[in-house]
Amino acid sequence: MHKQKNIVVIGGGAIGLCTAHYLQQSGHSVTVIEKGVYDKGTSLGNAGMLVPSHVVPLAAPGVISQGMRWLFRRDSPFRIKPRLDPALMSWLWQFRSFCTEKHVARSMPLLRDLSLASVEAFASLATLFDFHFEQRGLLMVHRTDKGEKENLKYGKKGQAAGLDVTFLTADELKQKAPNLKSSARGAVYFPQDAHLSPNLFIAGITKALADNGVVLRPDTAVTGFETTDTKNNRTIRAVNTNKGRIEADEVILAAGAWTPALARMLRIKAPIQPAKGYSITVDAPENAPTIPVILTEEKVTITPMGNKLRFGGTLELAGFDASVDLIRARAIRNAIPDYLPSVSPDQIDQKMIWSGFRPCTPDGLPIIGRPGTMQNLVIASGHAMIGITLAPITGQLVTSIINNEKPAIDTEALHPDRFSRLGSLKQRAGTAGLPPQTEPLHAA
């Protein structure tokens, strides 16, 4: 039987809220602090896709070389905004070392297990409140020889990882998604994927937390930490905020792209870069798709969300530049008519465009665990484009760590200290290089 603890969760996105849910269910007293408000954060604008299909991490062979070819295209799916930033340079150097087949092969089973467990947890949460959870799968459609080759390769990797995968011809695609009007020549179908409406999920879990006694403190920014430091032991006593001091037995750092700045207050390095993504949400037309779709050539996602339809895409390493680049948003908008002619780009105005920061680590895997230098801190961040997918399993894993229980999934590869361990990059990533082949940048 574990001891009840007073726990402060820093971060009110999907990761932080799910973590608070499972901690509260486990009998702990939980406070969630969020620098903004719970219904305005990064989790709200994501594609809403739950993607066991995404077993290939962001750090994969060909990503760097493809990114270099797209470097000076503002409308490219993946862009690094040129700037002199030592943290970015260090991150890119580490990222490069992980872009190997060895790293992909090691990561795929872990990402599969995390995602499948999370989808199962979402199905359970859907019995508590409605957030338009549906497990209808995911279609990755292609219309060119290159796109078909990418998708077939990706689908075969999914099969090798133990996922259910079906390869569809053009006629079979029309039967599966009759409302998708396109010249697509086929698709790869992942039936284990699911989707939801992020706004309903955040609203529902926030209400459930409040109803169950979790203290929610919006508009509360962390200003520092009070710690007890000894030679071999560092402990957080309290979290200082702009609204006062909060004592804590345990602290969970789940602040997404803002995690590194908070970790630095504790003399901990968290190599996470903010990657800006965009989405466009419109009223769903009649006969809108009922199955989520990824347009392989355009790198654009389409997700049904009740009476709305959301298009998402792009990945830009531009620091914390929150401005909306209309050229990048236009790349998403212009892909729509070829597949959904009833949605006119002229009907889309700037207020329909959302952008937010995805927290990306150099190896494309999240950070979940206790840093070796801090006794009562758990970091849960760095989930990149699959944060909503992995939110429940992250909450469950963090709860196991807090309760000193063996986690359902081995988290050693997600340890916060993995980037600073002597020789870890060479051991984990294998021989660094820039292989010529290019993996598709599927994004949820």
Side-chain angles (χ1 to χ4, degrees), residues 1-11 13 15-33 110 113-114 117 222 224-239 246-272 359 361-363 365-383 387 390-422 424-425 427-428:
M1 189 72 178
H2 57 265
K3 177 184 176 182
Q4 180 184 3
K5 298 178 179 180
N6 294 318
I7 301 176
V8 173
V9 177
I10 301 173
I15 301 293
L17 295 174
C18 282
T19 298
H21 169 76
Y22 291 108
L23 288 170
Q24 187 277 326
Q25 292 289 300
S26 189
H28 298 291
S29 176
V30 184
T31 298
V32 182
I33 61 177
L110 176 59
D113 291 346
L114 290 169
V222 174
F225 298 90
E226 295 178 18
T227 62
T228 298
D229 295 7
T230 62
K231 184 175 182 180
N232 298 313
N233 185 20
R234 298 181 64 217
T235 305
I236 300 172
R237 296 195 311 271
V239 180
I246 308 173
E247 294 188 353
D249 298 320
E250 296 273 4
V251 174
I252 315 300
L253 184 48
W258 289 268
T259 296
L262 295 170
R264 281 195 296 272
M265 296 180 182
L266 296 165
R267 305 198 301 275
I268 293 171
K269 292 183 178 179
I272 292 171
T361 63
D363 62 0
L365 298 176
I367 296 174
I368 303 174
R370 289 193 188 279
T373 58
M374 189 64 65
Q375 183 178 359
N376 64 335
L377 173 70
V378 177
I379 298 178
S381 187
H383 294 71
L390 300 185
I393 187 60
T394 298
Q396 293 174 1
L397 292 172
V398 170
T399 300
S400 295
I401 293 169
I402 294 296
N403 292 342
N404 292 315
E405 299 168 345
K406 183 178 180 180
I409 296 172
D410 186 1
T411 59
E412 178 60 24
L414 310 178
H415 198 281
D417 297 339
R418 67 186 186 268
F419 301 106
S420 58
R421 289 170 177 162
L422 183 63
S424 65
L425 294 181
Q427 294 167 5
R428 291 175 182 274

Closest heavy-atom pair and its distance - Pro271, Phe419: CG-CD1, 3.4 Å
Rounded distance (nearest 0.5 Å) linking atom OG1 of Thr259 with atom CZ of Arg264: 11.0 Å
Leu114 side chain near Ile409 side chain, heavy-atom distance below 4.5 Å: yes
Partners passing side chain to side chain contact (heavy atoms under 4.5 Å, CB included) against Ser29 (at least two apart in sequence or in another chain): Gln4, Asn6
Sequence-distant partners of Glu250, side chain to side chain donor-acceptor pair (under 3.5 Å), two or more places apart: Lys5, Arg370
Thr361 side chain near Arg418 side chain, heavy-atom distance below 4.5 Å: yes
CA sep, side-chain torsions, deciding dist, call: Leu23, Ile252, side-chain contact (heavy atoms from CB on, under 4.5 Å): CA-CA 11 Å; Leu23 288 170; Ile252 315 300; 4.2 Å; yes
Residues forming a side chain to side chain contact (heavy atoms under 4.5 Å, CB included) with Asp229, sequence neighbours excluded: Thr227, Arg234, Arg267
For Ile268, side chain to side chain contact (heavy atoms under 4.5 Å, CB included) partners two or more places apart: Ala263, Leu266, Pro371, Thr373, Met374, Leu377, Ile379
Leu110/Leu414 under side-chain contact (heavy atoms from CB on, under 4.5 Å): CA gap, chis, key distance, verdict: CA-CA 10 Å; Leu110 176 59; Leu414 310 178; 3.6 Å; yes
Trp258 side chain near Pro359 side chain, heavy-atom distance below 4.5 Å: no
Ala257 versus Ile272, closest heavy-atom pair with distance: CA-CG2, 4.4 Å
Over 12 foreign heavy atoms within 6.0 Å of CD, Glu247: no
Test item: Asn376 side-chain N/O and Thr235 main-chain N/O as donor-acceptor pair under 3.5 Å: no
Over all atoms of both residues, closest heavy-atom pair of Ala408 and Leu397: N-CD2, 4.3 Å
Test side chain to side chain donor-acceptor pair (under 3.5 Å) applied to Thr394 - qualifying residues, sequence neighbours left out: His383
Qualifying residues under side chain to side chain donor-acceptor pair (under 3.5 Å), relative to His21, sequence neighbours excluded: none
Stepwise side-chain contact (heavy atoms from CB on, under 4.5 Å) check, Ile33 with Val222: CA-CA 8 Å; Ile33 61 177; Val222 174; 3.6 Å; yes
All salt bridge (Lys or Arg N to Asp or Glu O under 4.0 Å) counterparts of Glu405, not counting sequence neighbours: none
Side-chain touch Phe225/Ile10, heavy atoms, less than 4.5 angstrom: yes
Partners meeting side chain to side chain contact (heavy atoms under 4.5 Å, CB included) with Ser26 (sequence neighbours left out): His2, His28, Thr399, Asn403
Backbone of Gln396 reached by a side-chain donor or acceptor of Ser400 within 3.5 Å: yes
Pairwise distance CD1(Ile236) to CG(Asp249) - rounded to 0.5 angstrom: 11.5 Å
Nearest heavy-atom neighbours spanning Val32 and Leu17: CG1-CD2, 4.3 Å
Candidate pair Ile7 and Thr31, rule side-chain contact (heavy atoms from CB on, under 4.5 Å), full reasoning: CA-CA 6 Å; Ile7 301 176; Thr31 298; over 6 Å; no
Nearest heavy atoms of Ala254 and Ile15, plus distance in Å: CB-CG2, 4.0 Å
CE-CG distance between Met265 and Leu253, expressed to the nearest 0.5 angstrom: 10.0 Å
Minimal non-hydrogen separation, Ala117 against Ile393, with atom names: CB-CD1, 3.8 Å
